[in-house]
Amino acid sequence: MPVAGDGGQVPQGVEGMDELDLLLGVVFVIAAGLGVGVDDDDSAVAVDDDGVPGGGVGGDVVEADDGGDAQGLGHDGGVAGPPAGVHGQPADVRAVHGRGLGRRQVVGQDDHVVGQVGKPLRPLADEVPQQPPLDVEHVAHAVGEVGRQRLDLPGVGPQDALDGVLGRHVLLADGGLELLLKFLVLQQADVEIEEQSSTLNDIIFKGADGSDLLIATSRPELIPACVALYVHPDDERYQRLVGKTAVVPLFNYAVPIKTSPYVDISFGTGLMMVCTWGDNDDVQKWKEDHLDTRVVFDEHGRLNELAGQFAGLNMKDGRKAILAALKEIGQLIKSAPLQHNVGVHERCGHTVEFKQSPQWFIKVLGHKDEYLARGAELAWFPPHMKVRFDDWVGGLKWDWCISRQRYYGVPFPVWYCAACNEPFIAPREILPVDPTQTPPPAGGKCAKCGGETFVGEPDVMDTWMTSSLTPLINSRWAFGDPLHDKIYPMDIRVQAFEIIRTWLFYTVAKSHHHTNTLPWRHVMISGWGLDEKGKKMSKRLGNFVDPMDVINKYSADALRYWSAGATLGNDLRYSERDVSDGKRLMTKLWNAIRFVTTYLIDEQGERLALRPGEPTVVDRWIRSRFAQTVKYATQCLDQYEYSLALKSVERFFFAEFCDNYLEIVKDRFWNPARFTPGHIDAARHTLFAIGYGIIKLFAPFIPYLTEDIYQRVFKPYGGPVSVHVDAWPEADENAIDARAEDLGKLLVAILTGARRWKTEQAVHQGHPLAELLVTCPPKLQAELEPVLEDLRAAARSDKIGFADGGTVPTEVEGVMLAMVLGEKKPKA
RNA sequence: GGGCGGAUAGUUCAGUUGGUCAGAACGCCGGUCUUACACACCGGAGGUCGCCGGUUCGAACCCGGCUCCGCCUACCA
């Protein structure tokens, strides 16, 4: 018997499955199903994978990620390939993208770990967790493309001139970040808005004529940075002041008084102070009206000499001191509590401040309409997620700053001429290169001044700068590989919703500029895995589930079963119960197949299971039900609703195949004399075919066990090397048989009546009946005739017939039963 | 402030174009060790489908309003 096993237990160690495989399985399933949102995630699990297609390319090309994002600490490990399969065969990715096509798939990989590993890259700080190495080619590749890309992309220039100013702010952390992220450049996507309590202070400026001008500000520490006062153009109170100047208190210098329609007449006094950069609005006015620049903070967030006597104080103390000084001279009128919105860093929560510094940018603001058009081209699953993309693109206010000042990451392959600062870009042949460690190629000269001394660019790239290249990397675009044309645009990106504004957006933008196409045709947006209480899993909060614990207790397949329970776009709570349900399903599957194999015994070299025999109504019923299940599950997967697909397969397997079909056909093998050889053959053939089909349907969801079963049971009949390269079943339209389904349903309904009666008699369901009599109208008798023998068998009755006087009700109107218990048979 | 999503049995969730759609699983109660499986099988109980209106012959489903939860987004100094 191919399936060993005793006591109905699934074998503990599935052959060939080691811990890594298990790990891959988990990572993959999480990637497939959900973005498990461990926030601040330096994901503990990082696996690499080559995602290069082996055999026939042309299947769906899938890109996936674990949904986490992080500025830096190696967020993911990209995806991995799905479980390598029991015998190291190409992994199956059907759970992600829908149906297996019997071909090897391409799984896109996110390369964030690139920034942390590999020789050519910046060495890691000791405290940064080490990740497994990526293969060198990918590293080189990522860097190589970046080198090209700055040349290819519109608007990307070295040391971009000041017109890129909106994006040109370094956002300086408000203290406390010295360790790893000293001066961290942020981008719009890195900043979150947080409501904070503060005070709104009414402060007197002096007009040129000596009159009092009352302004309201929540940032008094920026008074020395004040470069203008603004009023609304229609505000009659201040008409006389427009075009004049005002004197900044304590610091005694004059600033112009200007107008802007954005000033709210009713807020505070209607007079607004504009500083060297308290917020976006300040930056905007500074840029539009060419205001003076008065930077009062240094890189450490301390007031500088422009703040006079307050120099050296940090922001908090500076604010206090300045308020106190204003009060002393009678120019602080009042301080009222204020709730307002403050930009903070999305990871550490520190408030952010603007600072001017040279950075690398990609200008995206001029391309909003193009990005929106790309978003509209893309098929969104679920559709409503598109709104997030549109809203984000529409709301973009900064260009994309791609340089970061960090200790690790992918370096810009650029040197600057020591004499004139002209950039010198590394030729492709020497990539990857860390310009801080390696000098430019011998003989390199500055194109501008002929200088021969160069300084390496110390900045590294924004995480998204490289991760947005994943489809290009995986299609080997930069190498001119013909593979690119074959698989690009890819079929699908799989990711969670919180990185639509980053990973998805930047990938679309990159693809648009580099290739003038979408990177993929479909995007499937998942939710998050939540903890058992429905909260996002977080390392900080400690409310996460360690996959290895779950795997050790229940197996990787069981964990995967849980994650496959997420409906498209929705979050999924972790539930140990659901994992154990997965385990239960596995056990059931194992046992059901064990039963099936019991009767597949071949004789004299003949594959008995392949003999079609003469199917009865019941055989046709289950085949029809199977075909319907395949049809429905396929539809679900085509819409990326994998959980609905799994549920339907599971329901079919439990409620129809196991609970009814298996129970009904047992008798053909136990009492062969009562059946024709054709009917017995049909049962065997159906068990084989449907059993195999079930294994295939479950394969994307329960990859290890199904593969194990496949190797033992079905492969010997001539299947491919792995169930995971086998084709997803096609719904056999010819098998769909409405009449057989009706009769099957009728049979089961009556059978339930008989089962209920046995339960009431407190005997087990296998207890034989001496006789089963069915009472029903003559018309229904004719209906029932074709399934009568199967009904008899399922009820374990010796005899069956029609008679009046039945008293046991059934679920069918007008059908009653009468039964006589038989003798309990001795155990065979 | 704006937008999106969610609210259905004790619990977690399905409910496709409005008419056997009021479902599944788990849990609970009761029965059964039966030649695949007691990690099982059989049977049973459980819900005004968040609240209020409206459209309709008919609404969990469509429309309006409201409440609560989650997420995204936002220059009111």
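Per chain, numbering begins at 1; letters A, B, ... match sequence-line order.
Interface residues of residues 654-663 of chain A facing RNA chain B, ordered by number: A:Phe654, A:Cys658, A:Asp659, A:Leu662, A:Glu663; criterion, heavy-atom separation under 4.0 Å.
Classified by its glycosidic torsion, B:rG46 falls in the syn category, the angle being within 90° of 0.
Across all strands, A:Ser643 comes closer than 4.0 Å to no nucleic acid atom at all (heavy-atom distances). Note on A:Ser218: only backbone sugar-phosphate atoms sit closer than 4.0 angstrom, heavy atoms only; bases stay farther off. Using a 4.0 Å heavy-atom distance criterion, A:Thr567 is classed as a sugar-phosphate-only contact.
When the ring pair (Phe, Tyr, Trp, His ring centres under 6.0 Å) test is applied to A:Phe669, the partners found at least two apart in sequence or on another chain are A:Tyr599. Not counting sequence neighbours, A:Thr706 has no partner by the side-chain hydrogen bond (donor to acceptor under 3.5 Å, both in side chains) test. Contacts of A:Phe497 classified as ring pair (Phe, Tyr, Trp, His ring centres under 6.0 Å), with partners at least two apart in sequence or in another chain: A:Trp528. Scored by the side-chain hydrogen bond (donor to acceptor under 3.5 Å, both in side chains) test, A:Lys386 finds A:Asp390 as partners (sequence neighbours excluded). A:Tyr632 pairs by the ring pair (Phe, Tyr, Trp, His ring centres under 6.0 Å) definition with nothing, not counting sequence neighbours. Judged as a ring pair (Phe, Tyr, Trp, His ring centres under 6.0 Å), and not counting sequence neighbours, the contacts of A:His764 are A:His767. Partners of A:Ala216 under the side chain to side chain contact (heavy atoms under 4.5 Å, CB included) rule, at least two apart in sequence or in another chain, are A:Leu200, A:Asp202.
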Throw together a table of side-chain donor-acceptor distances under 3.5 angstrom for residues 222-235 of chain A, partners on residues two or more places apart or in other chains.
residue	atom	partner	partner atom	Å
A:Tyr230	OH	A:Asp289	OD2	2.3
A:His232	ND1	A:Asp234	N	3.0
A:Asp235	OD1	A:Arg237	N	3.1
A:Asp235	OD1	A:Arg237	NE	3.0
A:Asp235	OD2	A:Arg237	NE	3.4
A:Asp235	OD2	A:Arg237	NH2	2.8

Which pairs of donor and acceptor atoms, one on a side chain in residues 747-757 of chain A, lie under 3.5 Å apart (sequence neighbours left out)?
residue	atom	partner	partner atom	Å
A:Thr752	OG1	A:Val748	O	2.9
A:Arg755	NH1	A:Asn660	OD1	3.0
A:Arg755	NH2	A:Asp659	O	2.9
A:Arg755	NH2	A:Asn660	OD1	3.4

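OP1 or OP2 of B:rU12 has at least one side-chain nitrogen or oxygen of A:Arg573 nearer than 4.0 Å. Under 4.0 angstrom from either OP1 or OP2 of B:rA25 there lies no side-chain N or O belonging to A:Lys647. Considering only side-chain N and O atoms, A:Lys588 lies under 4.0 angstrom from the phosphate OP1 or OP2 of B:rC41. Side-chain nitrogen and oxygen atoms of A:Asn570 include at least one within less than 4.0 Å of the OP1 or OP2 phosphate oxygen of B:rA14. For A:Arg756 and B:rG44, the shortest distance from a side-chain N or O to OP1 or OP2 is below 4.0 Å.
Among the nucleotides B:rA77, B:rG15, B:rC37, the one closest to the side chain of A:Asn591 is B:rC37.
Between the side-chain ring of A:Trp670 and the base of B:rU35, a stacking contact exists by the 5.5 Å and 30° definition.
Using C1' as the reference atom, B:rG23 and B:rU73 are 37 Å apart when rounded to the nearest Å.
With contacts defined as side-chain heavy-atom distances shorter than 4.5 Å, the pair A:Leu817/A:Leu772 qualifies.
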* To do: Given salt bridge (charged side-chain N to carboxylate O under 4.0 Å, His left out), test A:Arg219 with A:Glu221 step by step and report yes or no.
  => CA-CA 5 Å; A:Arg219 301 291 308 276; A:Glu221 68 276 18; 2.6 Å; yes

* Structure fact -> Counting primed atoms, P, OP1 and OP2 as sugar-phosphate and everything else as base, the B/S/- map of nucleotides 26-32 of chain B against protein heavy atoms under 4.0 Å is SS--BSS

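Stem analysis of RNA chain B (Watson-Crick or G-U pairs, both distances under 3.5 Å, runs of at least three) returns B:1-7 with B:67-73, B:10-13 with B:23-26, B:28-32 with B:40-44, B:50-54 with B:62-66.
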